[in-house]
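For reference, the structure discussed in these notes is given below.
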Amino acid sequence: MNKIRKELKVSAIENGTVIDHIPTKSVFQVIRILNLDNIENQVLFSTNLDSKKYGKKGLIKVSDKYFKPEEVNKIALVAPSATLIEIKDYQVRLKKSVEIPKQIFKFVKCVNPNCITNYENITTKFDVSIEDNGDIKLWCKYCDKYTAKDNIVFI
Amino acid sequence: MKNRSLVSINDYTKKEWIILLDLAEKFEKNPRQKILENYVVATLFFEPSTRTRLSFESAATRLGAKIVGFTDSSSSSVKKGESLNDTILTVSNYSDIIVMRHPRDGSARYASEVSPIPIINAGDGANQHPTQTLLDLYSIRKTQGTLDNLNIAFIGDLKYGRTVHSLVIALCEFNTTFHLVSPVELKLPSYVKQHIKNNNLKYYQYTELNEVIPKADILYMTRIQKERFLDPIEYEKVKNAYVLKNSMLEKAKDNLKILHPLPRVNEITIDVDANPKAYYFQQALNGVYVRQALLASILGVK
Ligand SMILES: [Zn+2]
């Protein structure tokens with residue numbers, strides 16, 4: 001708890017969410033996925049911070065916003081190591097790790113150009129699996145094809 | 001299987017495949033039984049496939065069922081932009097079961113989710129075609145007397161042929177030894193080979209057809225399509241390397257049978273047709289019995 005406070009002192013937020021332990025290369029992707037470049041809230045972000053655990057990490061602070069579980073799922077696809085810290089009146093209200101969901105609904109497009117989900121108004125459904133190198137891949141429940149991490153497109 | 005859709009061969013268990021094959025055997029002995037007289041079978045062919053449609057319609061008609069549907073989407077409301085959801089819901093008002101063929105991968109799975117009546121997938125894009133797999137299993141069992149412990153050779157385009165992938169995966173349940181003959185460009189995908197390995201079974205890869213003939217119980221021939229090659233010269237090189245001629249069958253086992261999902265182009269020469277080892281036309285006929293078994297089981301009359 002103390003450690004978090006120290007970190008937040010630099011630009012403490014009264015209310016809102018801190019997304020910590022983002023792989024530094026994924027910070028801009030997280031901003032895009034969460035649509036943070038199009039909201040009225042104050043957003044602060046850092047890249048290449050030193051991290052004991054990860055070497056380099058990124059951090060995003062969003063004032064006056066708490067994320068819904070399905071938004072958190074989106075982050076897990078590109079930043080599975082991320083931690084969410086919810087701040088209320090300068091106090092840490094909740095701290096949780098982002099978890100890779102077993103299934104993904106709605107917000108990812110199937111990479112297969114011939115998949116029925118790309119032609120009809122259908123909610124996409126994927127089973128999430130982890131490859132040997134730790135990367136996520138998504139298995140489309142309709143066309144049986146895999147979408148690799150690098151091909152993930154958000155709807 | 002009553003009221004259960006068949007979208008992928010894995011929707012049914014091995015035990016259920018065997019029940020279907022046993023029932024298909026009964027229909028082969030007695031193909032005209034009016035057990036579906038009170039039923040309507042819809043055949044929705046969003047893309048034409050005359051061979052598969054005729055086989056299903058023959059199966060249904062011989063059991064006394066009535067058939068409604070369309071033979072390609074240009075003559076239907078689909079052309080006017082109706083969604084797949086709406087087409088399926090509408091047709092389900094008029095029929096008891098839907099047989100569908102559709103050009104998009106995953107269309108049959110989606111249809112099975114929205115449909116109040118069962119769906120039989122007669123091919124969804126490049127994805128699944130489970131009744132082909134069932135009729136292949138039926139043909140292998142019928143000609144060999146068993147499905148277990150056979151040496152099965154697959155020849156030609158092993159990369160893009162969904163027929164081959166589904167059959168290989170199904171045969172992994174029967175302790176098969178696989179012999180895979182293809183040009184380097186058209187080898188069996190690694191996920192299918194991984195499935196063979198996961199079942200502790202053996203596969204051997206070849207680029208020469210002759211090598212494999214004396215070893216095989218079944219030769220499963222496939223068509224090599226020109227479109228699969230970026231370089232037309234490469235196609236010209238391989239297209240004649242995987243052609244089966246009657247003279248090549250001298251060293252074959254007595255029990256060898258030759259299968260092909262049809263249509264063939266030139267990969268089996270005409271002189272093979274008269275050889276008793278040629279089984280591809282009977283194989284197609286077996287599709288009718290297997291589809292009869294499937295319709296009767298899903299509609300719950302057998
Ligand atoms: Zn898909």
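Proteins get letters first, then strands, A, B, ... in listed order; numbering begins at 1 in each.
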- In residues 6-16 of chain B, which residues are in contact with chain A at a heavy-atom separation under 4.5 Å?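 Listed by number: none.
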
- Message: Sub-4.5 Å heavy-atom contacts with chain A: which residues of residues 106-118 of chain B show up?
- Response: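 Within residues 106-118 of chain B, the residues under 4.5 Å from chain A are B:Gly106, B:Ser107, B:Arg109, B:Tyr110, B:Glu113.
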
Is the number of heavy atoms from other residues, nucleotides or ligands within 6.0 Å of [atom1] ([X]) greater than 12?
X	atom1	value
A:Asn121	CG	no
A:Lys56	NZ	yes
A:Glu99	CD	no
A:Phe154	CZ	yes
A:Asn133	CG	yes

- Message: With heavy-atom distances below 4.5 Å as the criterion, would you say the side chains of A:Asp144 and B:Asp105 are in contact?
- Response: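 The answer is no; the side chains never approach within 4.5 Å.
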
- Beyond-backbone contact of B:Asn127 with A:Lys145, side-chain heavy atoms, under 4.5 angstrom: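 Yes, at least one pair of side-chain atoms sits under 4.5 Å.
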
- Query: So which part of A:Asn112 gets closer than 4.5 Å to some heavy atom of chain B, the side chain, the backbone, both or neither?
  - Reply: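 The side chain, not the backbone.
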
- Message: To check you understand the geometry: which heavy-atom pair defines the closest contact between B:Asn85 and A:Glu120, and what is its length?
- Response: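 Where B:Asn85 meets A:Glu120 most closely, the heavy atoms are N-OE1, 4.2 Å.
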
